[in-house]
Student: 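After the structure tokens below, expect a handful of questions from me.
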Amino acid sequence: MYKQKLNYSPIEQITFEEHAFYLKRDDFLHPDFSGNKARKFLYFLQNDFPSIKKIVSYGSIQSNAMYSLSVLAKMKKWEFEYFVDHIPDYLKANPHGNYQAALNNGMKVYVGQIDTRFHEDKSIVFIEEGGRQKEAEFGIRQLAQEIIKWQKEQQIPKLNVFLPSGTGTTALFLQKNCSLLHTDEAFQTTVFTTPCVGDGDYLKKQFLQLEDDETLHPNIATPDKKYHFGKLYKDNYKIWLKLQQQTGIEFDLLYDPIGWLVLLSHPEIYSLPTLYIHQGGILGNESMLPRYQRKYPLVSEK
Ligand SMILES: *Cc1c(COP(=O)(O)O)cnc(C)c1O
């Protein structure tokens, strides 16, 4: 039996581009999980599943979810099988980042489609891509509780919360649980997010798959341009470097640059006290940063 509690993650004050923000350090939650994946997989971490022997999931070959599942499987002494469309040759020859770390934890990778028989096997936990599933609500409710407790202690009647989305699971369950937990009308917590995968319509569809009641959905702030997930953009690299210079904090290179670009272009959000959630994912920078440095050697790191 392996049970583990998550720490309460601290909230700090930072100044970025001359604006004050609060920052929830979910990157400190657990040394071996990417912050928000620790929230999403907490249900599996904290409960016992005596008949389970294996985790099966699928997605991209460098994903934070994949790495976090490899950690979970290792802690639980379960096998972990992961399905991908494709493994690039250079990565096979030179494993690094999340892929390397997950292999070290015993992950078995398969190229191809998942066998549908997995869904019926009672000894298998099947995890959707990026952990987009109902069980994620368990850990994200705890995040909502921590935020509301802090908000009340600080006497902030109206708080805006901002976080960038992939599947949108974290943002959705966060807004839902903040709304449901507020019994006191004097306090209000409004969640804003932005799509880093697909566009606003895609994100809305993701929300609807997890929750029919649209009054419980987060607000979507749309980026000025369309990003292709995992591609390199000069402005993203620049804002990531600026964040590091001005706050001394390392953010993730896939989601956070888009998150901060969009947040800074929406003063109506940060005109109220705003809490940005640092969702971890730093291990993924190991593969992204060298790509940025090669592509934009003239963008200064100093
Ligand atoms: C997975 C991840 C996200 C996206 O979370 P969703 O719940 O899929 O929206 C954002 N940031 C980081 C660092 C992540 O690892």
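A quick note: this is a predicted structure, and the numbers were derived from the prediction, not measured. All ligand and atom numbering here is 1-based and tracks the order in the structure.
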Student: So which atom in L163 and which in T170 form the shortest heavy-atom distance, rounded to 0.1 Å?
Tutor: CD1-CG2, 3.8 Å
Student: Assess R132 for proximity to ligand 1: is some non-hydrogen atom of it under 4.0 Å away?
Tutor: no
Student: Centroid separation under 6.0 Å, is that true for the rings of W150 and Y22?
Tutor: yes
Student: If you take the centroid of each ring, where Trp contributes its six-membered ring, are Y233 and Y227 closer together than 6.0 Å?
Tutor: yes
Student: When you measure from the centre of the six-membered ring of Y8, is the NZ or CZ of K24 under 6.0 Å away and within 45° of the axis?
Tutor: yes
Student: What is the ring orientation for F41 with F44, classed by angle as parallel under 30°, tilted 30 to 60°, or perpendicular over 60°?
Tutor: tilted
Student: Parallel, tilted or perpendicular: which one describes the rings of F126 and Y58, with boundaries at 30° and 60°?
Tutor: parallel
Student: Is any N or O atom of G168, backbone or side chain, closer than 3.5 Å to an N or O atom of ligand 1?
Tutor: yes
Student: Check contact between A65 and ligand 1, using heavy atoms of the residue and a distance below 4.0 angstrom.
Tutor: no
Student: Identify, by atom number and element, the atoms of ligand 1 in contact range of T169, meaning under 4.0 Å from any of its heavy atoms.
Tutor: 7 (O), 9 (O)
Student: I want to know if ligand 1 touches G166 in the polar sense, i.e. an N/O pair below 3.5 angstrom.
Tutor: yes
Student: So is G280 touching ligand 1 or not, going by heavy atoms under 4.0 Å?
Tutor: yes
Student: Regarding ligand 1, does N36 bring an N or O atom to under 3.5 Å of one of the ligand's N or O atoms?
Tutor: yes
Student: Closer than 4.0 Å to some heavy atom of T167 - which atoms of ligand 1 meet that?
Tutor: 6 (P), 7 (O), 8 (O), 9 (O)
Student: Based purely on interatomic distance, does D252 place a nitrogen or oxygen under 3.5 Å from a nitrogen or oxygen of ligand 1?
Tutor: no
Student: Which one holds for T170 and ligand 1: side chain close, backbone close, both close, or neither close, with close meaning a heavy atom under 4.0 Å?
Tutor: both
Student: Quick check on salt bridge (Lys or Arg N to Asp or Glu O under 4.0 Å): which of K176, K134, K204 does E211 satisfy it with?
Tutor: K176
